[in-house]
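Notes to accompany the following structure.
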Amino acid sequence: MVKKAIIPAAGYGTRGLPITKVIPKEMFPIGLKPAIHYVVEEAIESGIEQILMIVSKRKNIIVDYFDESLELEAFLKRENKQHLIEIVPVPTFPIHYIRQSYAKGLGDAIRLGKAFIGDEPFAVLLPDDIMLSEKEPALKQLIDQFNTYKKTIIGVKEVEKSKLKYYGVISGEEVSKGIFKIDNIVEKPSEHAPSNLAVTGRYIFTPEILSLLDLKKAPAEGELQLTDAIKELLFREECYGKVVNSRRFDIGLHGDYVKLINEFSRINAKRKY
Ligand code: UTP
């Protein structure tokens with residue numbers, strides 16, 4: 001059973017400068033909620049019961065957002081606006097936090113979750129990838145697959161050739177419809193991408209990945225890439241890619257963020273958020 005998730009949110013968000021100097025991209029508004037709120041909801045709707053967020057000293061706004069605000073609650077009660085208390089986010093379980101002191105890469109961020117995860121399979125959700133699903137949340141689709149294969153499962157989506165350079169790209173044999181046994185993964189291929197299957201920000205890992213990341217440690221310079229550890233994992237155990245049946249919006253790309261806002265203005269009438 002996959003019950004724990006890591007949400008890494010300690011990056012600098014350089015593609016979003018200058019606004020990301022003060023507002024983390026994970027807090028970009030989509031309607032009246034920040035992006036990371038939707039990702040927490042996706043995790044909970046997928047059956048996750050414990051969340052660890054990786055933050056940095058510049059991301060206290062995320063911790064504040066999910067914290068209780070007794071002062072605000074008291075004010076809303078006094079003003080007879082109790083109905084608004086319900087929309088202020090207080091997760092049904094405590095969210096745990098660890099600070100990444102320096103953004104040394106996604107692999108380094110995930111590595112910090114070792115003690116929290118222990119020896120269980122776990123999910124990773126990148127909070128700058130918003131997945132809109134008609135039916136099952138994207139993470140739930142992966143968890144269902146994990147329950148069959150009991151191996152690392154990476155969410156992937158077909159992407160047009162010109163955009164592959166922004167993502168990790170997998171290749172492998174299709175073992176059943178939309179499920180690929182991965183034989184290679186390449187981080188942001190500038191040319192010769194091994195396929196058109198780009199990694200989305202949703203993963204289910206066996207705990208083995210944490211031992212591999214731990215062995216690597218963070219480099220003195222540059223970033224510790226999650227993709228490098230996945231490459232090594234491929235030598236040790238089978239890993240699968242699953243085409244997720246959801247639309248992906250990478251809010252680190254301005255065009256995708258604008259598309260997502262437009263999408264929300266269209267579906268807002270139908271959804272509760
Ligand atoms: P990205 O590479 O998309 O985010 O990482 P970034 O580094 O913040 O953005 P750019 O590329 O400079 O514009 C995906 C997720 O991983 C987190 C980020 O916060 C983001 O949510 N991350 C990345 C970390 O937590 N730590 C890191 O060292 C790097």
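All residue numbers refer to positions in the sequence shown, counting from 1. Every number for a ligand or one of its atoms is a count from 1 in the order of the listing.
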Q. In the protein, what heavy atom is nearest to atom 12 (O) of ligand 1, and what distance, to one decimal place, separates them?
A. T14 OG1, 2.5 Å
Q. Is G105 close to ligand 1, meaning an N/O of one under 3.5 Å from an N/O of the other?
A. yes
Q) If we only count N/O pairs under 3.5 Å, is K59 in contact with ligand 1? A) no
Q.
Below 4.0 Å, non-hydrogen atoms only: which portion of A109 touches ligand 1? Side chain, backbone, both or neither.
A. side chain
Q: Quick one: look up the protein heavy atom nearest atom 25 (O) of ligand 1 and list residue, atom name and how far away it is.
A: A10 N, 2.8 Å
Q. Counting both backbone and side chain atoms, is some N or O of I54 under 3.5 Å from an N or O of ligand 1?
A. no
Q) Do I62 and L32 sit in the same hydrophobic cluster, where Ile, Leu, Val, Met, Phe, Trp and Tyr count as joined when their side-chain heavy atoms come under 4.5 Å apart? A) no
Q: Give yes if a backbone or side-chain nitrogen or oxygen of D128 is under 3.5 Å from a nitrogen or oxygen of ligand 1, and no if not.
A: yes
(Q) In this structure, is the centre-to-centre distance between the rings of F66 and Y97 below 6.0 Å? (A) no
**Q.** Residues in side chain to side chain contact (heavy atoms under 4.5 Å, CB included) contact with A35, at least two apart in sequence or another chain
**A.** I30, I130, I251
Q. Applying a strict 4.0 Å limit to heavy atoms, is K25 in contact with ligand 1?
A. yes
Q: Kindly give the heavy-atom pair with the smallest separation between A193 and L164, and that separation in Å.
A: CB-CD1, 3.7 Å
Q: Please confirm whether K259 makes a cation-pi placement over F249, using NZ or CZ under 6.0 Å from the six-membered ring centre and within 45° of the ring normal.
A: no
**Q.** 4.5 Å side-chain heavy-atom contact, N245 and K135
**A.** no
Q | Numbering as shown, the atoms of ligand 1 that approach K104 to under 4.0 Å (heavy-atom distance) | A | 28 (O)
Q: Mark yes or no for whether E42, through its side chain, and L139, through its backbone, hold a donor-acceptor pair below 3.5 Å.
A: yes
Q.
Suppose I only count heavy atoms of A103 and a 4.0 Å limit; which atoms of ligand 1 are within that range?
A. 28 (O)
Q: Sort out for me which residue in L52, L126, V55, D108 forms a side chain to side chain contact (heavy atoms under 4.5 Å, CB included) with P8.
A: L126
Q. Does G13, backbone or side chain, put an N or O under 3.5 Å from an N or O of ligand 1?
A. yes
Q. Nearest protein heavy-atom contact for atom 11 (O) of ligand 1: which residue, which atom, what distance?
A. R15 NE, 3.3 Å
Q. Should G16 be counted as touching ligand 1, given the test is an N or O pair under 3.5 Å?
A. no
Q: Could you list the atoms of ligand 1 found under 4.0 angstrom from a heavy atom of Y12?
A: 8 (O)
Q: Would you check if L224 and R111 make a side-chain contact, meaning some heavy-atom pair closer than 4.5 Å?
A: yes
Q.
For residues 124-168, which residue pairs pass the ring pair (Phe, Tyr, Trp, His ring centres under 6.0 Å) check, not counting sequence neighbours?
A. Y149-Y240
Q. Is a salt bridge present between K231 and D228, judged by a nitrogen-to-oxygen distance below 4.0 Å?
A. no
**Q.** Identity and separation of the nearest protein heavy atom to atom 22 (N) of ligand 1
**A.** G11 N, 3.6 Å
Q. Near H96 NE2, under 6.0 Å, is it more than 12 heavy atoms from other residues, nucleotides or ligands?
A. yes
**Q.** Atom indices of ligand 1, in the order listed, that fall short of 4.0 Å to a heavy atom of P127
**A.** 21 (O)
Q.
If you measure every N or O of Q100 against every N or O of ligand 1, does any of those distances drop under 3.5 Å?
A. yes
Q.
I'd like to know whether ligand 1 has D108 as a neighbour, heavy-atom separation below 4.0 Å.
A. no
Q: Considering only non-hydrogen protein atoms, determine which one is nearest to atom 17 (C) of ligand 1 and report residue, atom name and distance to 0.1 Å.
A: P8 O, 3.5 Å
(Q) Please list, in number order, the atoms of ligand 1 under 4.0 Å from a heavy atom of L106. (A) 16 (O), 27 (C), 29 (C)
Q.
Could you tell me, atom by atom, which parts of ligand 1 come under 4.0 Å of a heavy atom of E26?
A. 18 (C), 19 (O), 20 (C), 21 (O)
Q: Indicate the atoms forming the closest heavy-atom contact of A198 with V159, along with that distance.
A: CB-CG2, 3.5 Å
Q) Any protein heavy atom sitting closer than 4.0 Å to atom 3 (O) of ligand 1? A) yes
